[in-house]
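Have a look at the structure below, then the notes.
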Amino acid sequence: MQIIRFLVLFVFLATAVHAQVVTPERTKMGYELTNSDDVINDTIALEEIIVSKEKLDPEARKQFMILQSRVYRTYPYAKLASERLTLLNKGMERLSTNKEKKKYFKIVEDYLNNEFEAKLKKLSRSQGRILVKLIYRQTGTTTYELVRTLKSGWKAFWSNTAASMFDINLKTEYAPYEVNEDFLIETILSRAFQSGRLQNQMPAKPVDIDGLNSFWESKAQNEKL
């Protein structure tokens with residue numbers, strides 16, 4: 001999907017105005033994305049389900065597995081976005097001329113096109129929604145604000161308008177204590193980190209997974225009363 005390529009591309013390229021001129025190294029993304037990771041029936045909507053000590057019914061388990069596939073597919077991109085933002089912002093004071101900025105912009109653009117364009121185009125609308133959430137988890141900032149701060153409010157407005165045509169809101173935050181889907185995403189990430197399925201990168205705001213589990217279990221019990 002073109003909007004997904006635009007989404008991730010902007011996260012990286014918007015930081016060019018704050019970066020030093022360096023040649024990006026080929027970065028391992030931890031989990032290598034392959035064509036086999038495409039999700040079957042990826043448009044199925046995730047209903048409100050709770051992961052607790054109770055066994056999930058077949059439909060809930062199906063929805064959870066679909067969400068898990070989406071997280072596996074998109075987390076490496078969010079992780080890489082955070083890494084690049086950190087790296088580039090460290091060198092912001094060394095970048096002083098427009099010539100350096102343009103040179104760096106071209107380097108990053110070519111790198112992203114060569115490394116990720118083909119794979120990003122294969123991301124679905126639902127995967128794009130998850131990617132926006134994970135970018136917030138790893139950077140602490142919405143994609144909209146990243147564009148707004150590093151480019152312009154006008155560009156951010158039109159970016160969000162374009163994304164909304166695909167049901168992707170660039171202003172979406174990651175709220176595992178408020179949104180059930182985000183809690184499930186955090187659960188999936190925690191298990192994936194423990195098993196080595198995904199490389200762990202600390203989120204912008206630390207999450208107490210045990211406390212999070214207790215919160216949702218307590219909420220589920222209260223709703224039964």
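With Tyr72 contributing its side chain and Arg197 its backbone, the two residues share no donor-acceptor pair below 3.5 Å. Of the possible donor and acceptor atoms, one in the side chain of Trp216 sits under 3.5 Å from a partner among the backbone N and O of Pro176.
In terms of heavy atoms, Lys133 sits closest to Glu173 at CG-O, 4.2 Å. Of all heavy-atom pairs between Thr187 and Asn213, the closest is OG1-OD1, 4.1 Å. Contact between Thr142 and Leu170 at its shortest, heavy atoms only, is CB-O, 3.5 Å. The shortest non-hydrogen separation linking Ala78 to Ile135 is CB-N, 3.8 Å. Thr141 and Tyr136 get closest at one heavy-atom pair: C-CD1, 3.3 Å.
Both cation-pi conditions hold for Lys171 and Tyr144: the charged atom is under 6.0 angstrom from the six-membered ring centre and inside a 45 degree cone around its axis.
Residues meeting the side-chain contact (heavy atoms from CB on, under 4.5 Å) test with Asn200, sequence neighbours left out: Phe193. Every residue meeting the side-chain contact (heavy atoms from CB on, under 4.5 Å) condition with Gln194, not counting sequence neighbours, appears here in chain and number order: Ser190. Under the side-chain contact (heavy atoms from CB on, under 4.5 Å) criterion, Ala204 pairs with no residue, sequence neighbours left out.
No hydrogens or angles considered: nothing links the side chains of Gln138 and Lys79 as a donor-acceptor pair under 3.5 Å. Between the side chains of Gln221 and Glu217, no donor-acceptor pair is found at a separation under 3.5 Å.
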Evaluate ring pair (Phe, Tyr, Trp, His ring centres under 6.0 Å) for Tyr177 paired with Phe183, printing each intermediate quantity in order.
CA-CA 7 Å; Tyr177 279 94; Phe183 161 57; 8.9 Å; no
Audit row: Glu186, Arg137, salt bridge (charged side-chain N to carboxylate O under 4.0 Å, His left out) steps and yes/no
CA-CA 10 Å; Glu186 193 64 35; Arg137 180 186 187 272; 2.8 Å; yes
side-chain contact (heavy atoms from CB on, under 4.5 Å), that's the test. Do Gln63 and Glu181 meet it? Break it down for me.
CA-CA 11 Å; Gln63 300 295 342; Glu181 182 181 66; over 6 Å; no
